[in-house]
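Small disclaimer: the values here were computed from a predicted structure and weren't measured. Numbers for residues simply follow the sequence, beginning at 1. FYI, side chains are in, hydrogens and waters are out, and symmetry mates aren't considered; it's all heavy atoms of this structure.
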Amino acid sequence: MLKKGSKLYSILTGTCPKCMNESMYVDKNPLHLGSVLKMNEQCSHCGLKYQIEPSFFYGAMYVSYGLNVAVGIAAFIVSYVIFKTSIQTSFIAIIATLIILFPIVLRWSRNIYINMFVSYDPTTKI
């Protein structure tokens, strides 16, 4: 399931969606907030240009919205249904979860978005 060549592998690791040999990001750690969105211009292995067109990653905002809704619903279910907290405490749990997971959701949304347009090709070489 998480083998090289699967979309899920590229999404979760942040590797190039075409060759999956290197990270798309300058800094692999999403918790370094100063460089969370700094990406390499292109893959040094296969030559894929990550910014496919100007403002390409603006579309990732829609993916980010969906991911944040899913995370918020999951936080509510865990807090309100499983731990049986009050509505106010559940609301605080949702906000805290979204703030803590913000950099990870940002990266995942970009990874998902570029993987919607680029497919894995093990034969590509520079």
Side-chain angles (χ1 to χ4, degrees):
M1 184 160 121
L2 276 179
K3 294 186 294 184
K4 190 175 183 181
S6 71
K7 295 264 185 202
L8 191 58
Y9 175 82
S10 176
I11 290 167
L12 294 179
T13 60
T15 55
C16 172
K18 193 166 188 178
C19 69
M20 297 188 191
N21 284 323
E22 76 171 24
S23 176
M24 293 188 293
Y25 300 95
V26 173
D27 186 1
K28 291 182 183 180
N29 188 350
L31 299 179
H32 294 155
L33 299 179
S35 61
V36 71
L37 292 179
K38 289 185 181 168
M39 297 181 73
N40 296 317
E41 291 291 322
Q42 64 185 25
C43 178
S44 64
H45 184 265
C46 70
L48 174 69
K49 190 175 175 186
Y50 297 129
Q51 190 82 10
I52 295 172
E53 59 186 27
S55 305
F56 173 71
F57 286 108
Y58 280 138
M61 290 187 301
Y62 297 104
V63 177
S64 178
Y65 176 76
L67 287 174
N68 280 313
V69 168
V71 167
I73 290 172
F76 175 77
I77 289 172
V78 167
S79 145
Y80 188 72
V81 176
I82 295 175
F83 291 124
K84 304 203 185 315
T85 62
S86 67
I87 292 289
Q88 291 84 7
T89 307
S90 297
F91 181 73
I92 292 168
I94 292 169
I95 298 301
T97 304
L98 290 175
I99 289 171
I100 290 169
L101 294 179
F102 177 72
I104 295 167
V105 169
L106 270 176
R107 286 237 176 137
W108 279 356
S109 64
R110 280 189 169 206
N111 297 347
I112 290 170
Y113 193 69
I114 196 167
N115 271 280
M116 290 179 359
F117 297 98
V118 180
S119 296
Y120 177 65
D121 184 8
T123 61
T124 56
K125 293 191 174 142
I126 216 167

Exercise. How far apart are the closest heavy atoms of Tyr80 and Ser90, and which atoms are they?
Worked result: CB-OG, 3.3 Å
Exercise. Below 4.5 Å, heavy atoms only, C-beta onward: do Ser44 and Glu22 meet side chain to side chain?
Worked result: yes
For this session: Mind checking the OH-NZ spacing from Tyr120 to Lys18? Nearest 0.5 Å is all I need.
Result: 12.0 Å
For this session: Let me see the working for Leu48 and Cys16 under side-chain contact (heavy atoms from CB on, under 4.5 Å), right down to the final yes or no.
Result: CA-CA 8 Å; Leu48 174 69; Cys16 172; 3.9 Å; yes
Exercise. Are more than 12 heavy atoms from other residues, nucleotides or ligands located less than 6.0 Å from atom OH of Tyr62?
Worked result: no
Exercise. In terms of hydrophobic clusters joined by side-chain contacts under 4.5 Å, are Tyr25 and Ile104 together?
Worked result: yes
Exercise. Does a side-chain heavy-atom distance below 4.5 Å link Ile94 with Ser79?
Worked result: no
Exercise. Looking only at heavy atoms, which two atoms of Thr15 and Tyr9 are closest? And how far apart?
Worked result: OG1-CE2, 3.9 Å
Exercise. How many angstroms lie between CD1 in Ile100 and CD1 in Ile95, if you round to the nearest 0.5 Å?
Worked result: 11.5 Å
Seminar exercise, completed: When every non-hydrogen atom of Ile11 is compared with those of Trp108, the smallest separation belongs to O-CD1, 3.8 Å
Problem set entry | CG on Asn111 to OG on Ser23, rounded to 0.5 Å | 8.5 Å
Seminar exercise, completed: Closest non-hydrogen atoms of Tyr50 and Met39, given as atom of the first, atom of the second and distance, are CB-CE, 4.0 Å
Exercise. Taking atom NZ of Lys4 as the centre, does the number of heavy atoms from other residues, nucleotides or ligands within less than 6.0 Å exceed 12?
Worked result: yes
Exercise. What do you reckon, is CZ of Phe56 surrounded by more than 12 foreign heavy atoms closer than 6.0 Å?
Worked result: yes
For this session: Kindly assign one of parallel, tilted or perpendicular to the pair Phe117 and Tyr113, based on the angle between their ring planes and the thresholds 30° and 60°.
Result: perpendicular
For this session: Please answer whether the main-chain N or O of Asn115 pairs with a side-chain N or O of Lys7 as donor and acceptor at a distance below 3.5 Å.
Result: yes
Exercise. Would a 4.5 Å heavy-atom cut-off, applied to side chains only, mark Ser10 and Met24 as touching?
Worked result: no
Exercise. Is any side-chain heavy atom of Val118 closer than 4.5 Å to a side-chain heavy atom of Ile52?
Worked result: yes
For this session: Taking the side chain as every heavy atom from C-beta outward, state whether Pro103 and Leu33 have any atom pair closer than 4.5 Å.
Result: yes
Exercise. So with a 6.0 Å cut-off around CZ of Phe91, is the heavy-atom count from everything else above 12?
Worked result: no
Problem set entry | Nearest non-hydrogen partners of Arg107 and Lys28, listed with the distance | NH1-O, 3.1 Å
Exercise. Step by step, would you call Arg110 with Leu37 a side-chain contact (heavy atoms from CB on, under 4.5 Å)?
Worked result: CA-CA 9 Å; Arg110 280 189 169 206; Leu37 292 179; 3.7 Å; yes
Exercise. When you look at Leu67 and Ile112, which way does the side-chain contact (heavy atoms from CB on, under 4.5 Å) test go after all the steps?
Worked result: CA-CA 10 Å; Leu67 287 174; Ile112 290 170; 4.0 Å; yes
Exercise. Hey, quick one: are Val36 and Met61 part of the same hydrophobic cluster, counting side-chain heavy atoms closer than 4.5 Å, chains of contacts allowed?
Worked result: no
For this session: Starting from the C-alpha separation in whole Å, work towards a yes-or-no answer on side-chain contact (heavy atoms from CB on, under 4.5 Å) for Thr13 and Met20.
Result: CA-CA 9 Å; Thr13 60; Met20 297 188 191; over 6 Å; no
For this session: Check whether more than 12 heavy atoms from other residues, nucleotides or ligands sit under 6.0 Å from atom CZ of Phe102, and answer yes or no.
Result: no
Exercise. Out of curiosity, Phe57 CZ to Ser109 OG, how far, rounded to the nearest 0.5 Å?
Worked result: 9.0 Å
